[in-house]
Novice: 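Below is the structure I would like to discuss, written out as structure tokens.
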There are 2 protein chains.
Amino acid sequence: MSTPELHQAIAASEWFRELPAELVGQLAALAQQRHLADGALLFAKGDAADGLYGLLSGRVRISATTRDGRDLLVNLFEPGDWFGEISMFDGLPRTHDARAVGASELLLIPRARFHALLAAQPVLYPHFMRMLCRKLRRSFAWIEYIAFLPMSARLAARLLELAQDYGETQADGSVLIALHLPQEELGRMLSVSRQTVSKELNALEARGWIRLDYGRVLIRQPEALEALVRGAA
Amino acid sequence: MSTPELHQAIAASEWFRELPAELVGQLAALAQQRHLADGALLFAKGDAADGLYGLLSGRVRISATTRDGRDLLVNLFEPGDWFGEISMFDGLPRTHDARAVGASELLLIPRARFHALLAAQPVLYPHFMRMLCRKLRRSFAWIEYIAFLPMSARLAARLLELAQDYGETQADGSVLIALHLPQEELGRMLSVSRQTVSKELNALEARGWIRLDYGRVLIRQPEALEALVRGAA
DNA sequence: CCGACTCTGTCAACTTGCCGACATTCTTCC
DNA sequence: GGAAGAATGTCGGCAAGTTGACAGAGTCGG
């Protein structure tokens, strides 16, 4: 990918939209390109930080795993997202595993260069602080959901979040979650069994709020799901 | 409190230990002092951010609350801790409620002044980024505990954390958690009922790993608790 | 030292969600 | 079009934790 194309890709990302063109240019100049095959491991929990990653195409799955094979799906990044900043800023090991879902293209801004740029351009700091704050708020919300909401409301909340990130509005106004999303995967997001997800999704479908399809979900009445979340809170 | 005393108080805090004296002085110059009576509300979730807080004496309890009165005890700060930085950096409302436990003295660094100082001294940024990263890692660990560990291991993990923060080593080598800590409060930390906490604590005591006292806990064998956490992970 | 209050232990009935098993249905790839 | 594999629906037994109730024990202030 040529430098102007890189510049374009970075400037288009939600995270760097407000950044002046000059700084985008400087970031682009630091970036290396990287390719990952489907399922390839980008980094694992405990690894030393190599740099900051930006996703150009494909998907990256962030998860926590136990020795006995259970795993928790923490995040699913799509093109335009940036991640891996935590280890960059505190110098400690990676907090999670990162794995490609489908063949993926990434940008890597290596650690040392990134810190040099930050030192030269402290204007960048508030920017990345907002990035950290956003993840913190997301974590807090998640913790509260687990603490306060019953499983059904948590599922509804998760569906709405997915619709926010991956939703495609259909002709009839309903929102299709444009993801290959088996119920087992949904279960891994909520740390709940496949069977429980299945039962609950069917209950939601019976009420006409969603429609189930093989490996995907269509949300017909987002307001009803929101009410379910709020009502339980 | 006089300015040199403030300077001293800030420099002594775990968070600002590495900060050069000059910057500590500049922070101290911005600080206002504030007193809170036992149980007084410092700020509530949803409030606009007034500033960054440092605790001089007493305790501050950070929690999330539902309309129907359940609450989740997220954090318990002690003298030397600083908090309230998230809303400062992203400009969004407070994420939690903060309430004094016992009469408390606080420092407030007002928002506008703080940002002026940051702009003048960007060296401060990496410092606060580490602060955010630390809270993020804590959140992640918590989420994983909830997802992966059974209640007993989560309780053990929480006790060890409390021992870390509030522990006083006794003559016989065991560690007393120097907090008024009713089992109900422990339950609110883990979002688990008082009865369950009671049963589990008694099981731990039966194994000789802890000793229960009225409103407090003594940890006799930290290693055993650690093994319990690790074994379940 | 006594009464009020807080904290703890315990029980039974109930709810939620897990797990294993098995049958069905849908998709994909030859 | 026909496997093979992936995803889903469903059931019953089981484990963990909740809720409400009540009794007993510890602490504190007058």
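Here the structure is a predicted model, which is why all the values come from computation and not from measurement. Every chain is numbered from 1 and lettered A, B, ... according to where its sequence line falls, protein lines coming before strand lines.
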Novice: What I want to find out is whether A/Glu200 reaches A/Arg154 closely enough, with some N-O distance under 4.0 Å, to be called a salt bridge.
Specialist: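 Here A/Glu200 does not pair with A/Arg154 in a salt bridge, since their nearest N and O are not under 4.0 Å apart.
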
Novice: Can A/Lys45 and A/Asp47 be counted as an ion pair, charged N to O under 4.0 angstrom?
Specialist: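 Salt bridge absent between A/Lys45 and A/Asp47.
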
Novice: Would you say C/dT8 has OP1 or OP2 under 4.0 Å from some side-chain N or O of B/Asn202?
Specialist: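 Negative; the distance criterion is not met.
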
Novice: Quick check against the 3.5 Å criterion: does B/Arg188 have a side-chain atom that pairs as donor or acceptor with the backbone of B/Leu72?
Specialist: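 No, because the side chain of B/Arg188 does not come within donor-acceptor range (under 3.5 Å) of the backbone of B/Leu72.
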
Novice: In terms of side-chain heavy atoms of B/His180, which of C/dC7, D/dA7, C/dT10 is nearest?
Specialist: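 Nucleotide nearest to B/His180's side chain: C/dC7.
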
Novice: Output yes when at least one side-chain N/O atom of A/Gln183 is less than 4.0 Å from OP1 or OP2 of D/dA6, else no.
Specialist: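 Indeed not, no polar side-chain atom of A/Gln183 lies that close.
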
Novice: Whether A/Arg94 engages the ring of A/Phe43 as a cation-pi pair (distance to the six-membered ring centre under 6.0 angstrom, angle to the ring normal within 45°) should be assessed.
Specialist: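 Geometry flag: set, cation within 6.0 Å and 45°.
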
Novice: Using a 4.0 Å heavy-atom cut-off to protein, can you give one letter per nucleotide of nucleotides 16-30 of chain C, 5' to 3': B if the base is in contact, S if only the sugar-phosphate is, - if neither?
Specialist: -SSBBB----BS---

Novice: Return the angle between end axes of the helix from C/dC1-D/dG30 to C/dC30-D/dG1, with five pairs used per end and rounding to 10°.
Specialist: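 End-to-end axis angle: 50°.
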
Novice: State, to 0.1 Å, how close B/Asp172 and B/Arg220 come at their nearest heavy-atom pair, and which atoms those are.
Specialist: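 Smallest heavy-atom distance, with atoms named: OD2-NH2, 3.3 Å.
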
Novice: Salt bridge or not between A/Arg61 and A/Glu185? Use side-chain N to carboxylate O under 4.0 Å.
Specialist: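 The answer is yes: the pair qualifies as a salt bridge.
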
Novice: Does a side-chain N or O from A/Ser198 land closer than 4.0 Å to OP1 or OP2 of D/dG9, or not?
Specialist: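 Yes, such a contact exists.
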
